Amino acid sequence: MDLEARRNRTAVTEFILLGLVETEKLQSVVFVLFLIAYLVTVGGNLSILAAILVEPKLHTPMYFFLGNLSALDVGCITVTVPAMLSRLLSHKRRISYEACLTQLFFFHLLAGMDCFLLTAMAYDRFLAICQPLTYSTHMSQAVQLILVAVSWAFAFTNALTHTIALTTLNFCGPNEVNHFYCDLPQLFQLSCSSTQLNELLLFAVGFIMAGAPVVLIITSYIHVAAAVLQIHSVEGKKKAFSTCGSHLTVVCLFFGTGIFNYMRLGSEESSDKDKGVGVFNTVINPMLNPLIYSLRNPDVQNALWRVLVGKRSLT
């Protein structure tokens, strides 16, 4: 009886991902561009991670969190892009119901982890600039591990909540997803049952996942800005703003696109804007992060030089 009820609840056993473009010629262009983007992103983030591991000067809390962010970026783009490239290569757009839910779970797990990790990085900057005398105590190795572990716990809870909630919906009609990966807004539009509760859950949990971190980050940087303005040395101000500037740039890009994509009530029709935001979330942001941090930070540049060329430092 339970098995029969389950079959009736989810008649759709697979979805068709329409992708970014329809014409075969454009699909070839998209394949090449996304393959290059994937290789650059993975290579760039792994280089940052390697630089942090081999350079003793980078064995600090800030770079511990940056290393975790680089690993997350590799995971985030790997969840979506290789599968898309495989479909472009095989000209098969179908994805099973179970695989779709699995992709959605891991995407929201890694994206949620990003939210909390960026918040932990803001807290680290607040302690380093506003409370330098107690920094080593308040940001000990144990504290760093606790922050990362708690972030994983919250991110896992968020991803699992949305995945379980999605399984309560009926999919018994159209199965064409107007996107290149499985995500909640597009799947809501295909459900033949009411998605009002799921949308409210997405909005409420999204408000917690994005709203709380944004408030904490803004609060941290208000204190940081006040502390930096009291520094009399121009060089000191420049160094402080430089270490914070990279993080703020990444925060604006990540939360800006995330809020646009999820914090909208009501089932809106999928559009090219949603696909564009999806590309930004899964490809552009992970690809830009190593560039942003390496361009603004001479310590990372020197460490990267050591990794790539085999020399200790440029200075």
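Since the structure is predicted, the reported quantities are computational estimates derived from the model, not experimental observations. Reckoned from all heavy atoms, side chains included, excluding hydrogens, waters and symmetry mates.
Taking Phe105 as the reference, Phe156 meet the ring pair (Phe, Tyr, Trp, His ring centres under 6.0 Å) condition, with sequence neighbours excluded. Partners of His108 according to the ring pair (Phe, Tyr, Trp, His ring centres under 6.0 Å) rule, which considers only residues two or more places apart in sequence or in another chain, are His162, Tyr262.
Exactly one of Val250, Leu69, Asn68 qualifies for a side chain to side chain contact (heavy atoms under 4.5 Å, CB included) with Met121. That residue is Leu69.
Taking a 4.5 Å side-chain heavy-atom cut-off between Ile, Leu, Val, Met, Phe, Trp and Tyr, the cluster of Ile16 extends to Leu18. Within the hydrophobic cluster formed by Ile, Leu, Val, Met, Phe, Trp and Tyr side chains joined at under 4.5 Å, directly or through other members, Val215 stands alone, with no partner residue. The hydrophobic cluster containing Phe154, built from Ile/Leu/Val/Met/Phe/Trp/Tyr side-chain heavy atoms closer than 4.5 Å, also comprises Phe116, Ile146, Val150, Leu201, Val205, Met209.
Residues Asn289 and Ile48 have side chains not in contact (no heavy-atom distance under 4.5 Å, counting atoms from C-beta outward). The side-chain heavy atoms of Phe180 and Leu17, taken from C-beta on, include no pair separated by under 4.5 Å. Side-chain atoms of Met113 and Trp152, non-hydrogen and from C-beta on, do get closer than 4.5 Å to each other.
Taken to the nearest 0.5 Å, the OH atom of Tyr63 stands 11.5 Å off from the OG atom of Ser70. The CG atom of Leu88 lies 8.0 Å from the CG atom of Leu20; values are rounded to the nearest 0.5 Å.
Of all non-hydrogen atoms in Leu109 and Ala155, the two that sit nearest each other are O-CB, 3.4 Å. Of all heavy-atom pairs spanning Tyr97 and Leu166, the tightest one is OH-O, 4.3 Å.
Identified under the ring pair (Phe, Tyr, Trp, His ring centres under 6.0 Å) test for residues 118-151, with sequence neighbours left out: Phe126-His223.
Relative orientation of the Tyr181 and His179 rings is tilted, given thresholds of 30° and 60° on the angle between their planes.
Enclosure of atom CZ in Phe31 by more than 12 non-hydrogen atoms of other residues, nucleotides or ligands within 6.0 angstrom is indicated. Atom CD of Gln196 has 12 or fewer neighbouring heavy atoms from other residues, nucleotides or ligands inside a 6.0 Å radius.
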